[in-house]
Enquirer: 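Below is a structure I'd like to ask you about.
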Amino acid sequence: YTASFTLNAPVARNYTFNGPVALSDATRTRAGVTNIDFVVPDSFTIADLNVNLSINHTYVSDLRIRLIAPDGT
């Protein structure tokens, strides 16, 4: 799939990540997990976060997408 992340901070900072990224395949005993770490080198309060994903997959209903904060929430 390809992913594009843009983070807009109060002081007009933009950070973008662009794929493509290969998805990990599942096996009979293990789910396929693909992680993308989006690193922001600055410290500030996020005013707005927009995430756009474009995914091509044979069984889209098999996919689970999660956005996880640095603190794990």
Enquirer: What residues, two or more places apart in sequence or in another chain, satisfy side-chain contact (heavy atoms from CB on, under 4.5 Å) together with T27?
Expert: T29, R30
Enquirer: Would you please name every residue forming a side-chain contact (heavy atoms from CB on, under 4.5 Å) with T73, sequence neighbours left out?
Expert: A69, D71
Enquirer: What residues, two or more places apart in sequence or in another chain, satisfy side-chain contact (heavy atoms from CB on, under 4.5 Å) together with D62?
Expert: Y59
Enquirer: Is there a path of hydrophobic side-chain contacts, each under 4.5 Å between heavy atoms of I/L/V/M/F/W/Y residues, joining V33 to I68?
Expert: no
Enquirer: Can you name the nearest heavy-atom pair linking T34 to L23, along with the distance?
Expert: OG1-CA, 3.3 Å
